[in-house]
Amino acid sequence: MKMSAVAFARLLLLPLLAAAVGRVGTIPPHAQVARMARYVVNSCDWCSMATISTHKPRVGLPFSNVFSVSDGPRQQGSGVPYLYLTPLEVSVQDIKINPEVSLAMTLAETDYCRKNGYDPQSPLCCRVMLSGTIVKVNETEAKIAKKALFQRHPVMANWPSSHRWFFAKLNITNIWVLDYYGGMKTVTPEEYYSAKPEYERNFIDE
Ligand SMILES: *[C@@H]1O[C@H](CO)[C@@H](O)[C@H](O)[C@H]1NC(C)=O
Ligand SMILES: *[C@@H]1O[C@H](CO)[C@@H](O)[C@H](O)[C@H]1NC(C)=O
């Protein structure tokens, strides 16, 4: 059987390409900061969220906690960080009094930093800090939020309804990105939402 030149090239090139890409993982160029922010947000399944505490003995002081997050399917995220929250949760109680929060997400949550030997605090271990207000989404957007969250966190479907879960999002006001040497860079929400969300991804990593 004769193999076409194209088929042969595929056979030869694909493993080479996979090997080259697979070694480091593919992320957006560090200078494309808005795209990097979208990449980090889309790559992360959880975030740290800091609120201003309303609970003794930390009233009025920062309080960090961990939350599951999703902006949609991998490589097709909307950039909107959606959350599934319950009023029974301490940080959510803080948000009710003061919705201003700060979210952090890092590629240390993925294989990228570990595979490349980047410490989570290294500027090369890309991270993003988002600040803004947590807002409950309306019924129309709740359908989008549910799809985004339940796809990444299927167990959410079984969380007890007695906890009065609701869908919320971060209304982003400020974005900081650290993805290289030279200090943090800022991105406006407009730049963030208009950045090209697609990126080449390490396909053997999926
Ligand atoms: C729901 O929220 C979205 C996003 O903020 C908005 O575009 C839409 O108009 C709202 N829909 C209703 C029915 O209020
Ligand atoms: C989101 O934040 C902007 C300020 O950056 C504000 O004008 C807007 O009303 C907020 N939206 C919601 C739904 O809270």
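All heavy atoms count here, side chains included; hydrogens, waters and symmetry mates do not. Source: prediction; values computed, not measured.
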Should the heavy atoms of other residues, nucleotides or ligands under 6.0 Å from CD of Glu89 be counted, would the total exceed 12?
-> yes
Any sub-3.5 Å donor-acceptor pair from Asp179's side-chain atoms to Ala31's backbone N or O?
-> no
Ignoring hydrogens and geometry, is there a side-chain-to-backbone donor-acceptor pair from Thr86 to His163 under 3.5 Å?
-> yes
Sub-3.5 Å donor-acceptor pair from the side chain of His55 to the main-chain atoms of Asp94, do we have one?
-> no
Do Tyr181 and Tyr118 share a hydrophobic cluster, counting only Ile, Leu, Val, Met, Phe, Trp and Tyr and linking them when any side-chain heavy atoms are less than 4.5 Å apart?
-> yes
Nearest-0.5 Å distance, CZ of residue Arg38 to CD of residue Gln75 | 12.5 Å
Would you call Met49 and Val69 a side-chain contact if the rule is heavy atoms closer than 4.5 Å?
-> no
Would you mind reporting whether Arg35 and Pro29 have side-chain heavy atoms less than 4.5 Å apart?
-> yes
For Phe166, the ring-ring contact (aromatic ring centres under 6.0 Å, His included) test, sequence neighbours excluded, returns none
Residue that, paired with Tyr84, satisfies ring pair (Phe, Tyr, Trp, His ring centres under 6.0 Å) out of Trp46, Trp165, Phe67 | Trp165
Measure from the side-chain N and O atoms of Ser102 to the backbone N and O of Ala50, and report whether any donor-acceptor pair falls under 3.5 Å.
-> no
Counting only heavy atoms not in Lys136, do more than 12 sit closer than 6.0 Å to its NZ atom?
-> no
If you measure from OG1 on Thr51 to CD1 on Ile97, what distance do you get to the nearest 0.5 Å?
-> 11.5 Å
Salt-bridge present (Asp71, Lys169; N to O < 4.0 Å) = no
Determine yes or no for a side-chain-to-main-chain donor-acceptor pair under 3.5 angstrom, with Arg58 supplying the side chain and Pro62 the backbone.
-> yes
Once you round to the nearest 0.5 Å, how far does CD1 of Ile27 lie from CG of Leu107?
-> 6.5 Å
ring-ring contact (aromatic ring centres under 6.0 Å, His included) with Phe63: which residues, sequence neighbours excluded?
-> none
Is Asp119 reaching over with its side chain to a backbone N or O of Gln121, donor-acceptor style, under 3.5 angstrom?
-> yes
Has the side chain of Trp176 got a donor or acceptor atom that lies under 3.5 Å from a matching backbone atom of Arg127?
-> no
With side chains defined as the heavy atoms from C-beta onward, is the minimum distance between Pro73 and Gln151 less than 4.5 Å?
-> yes
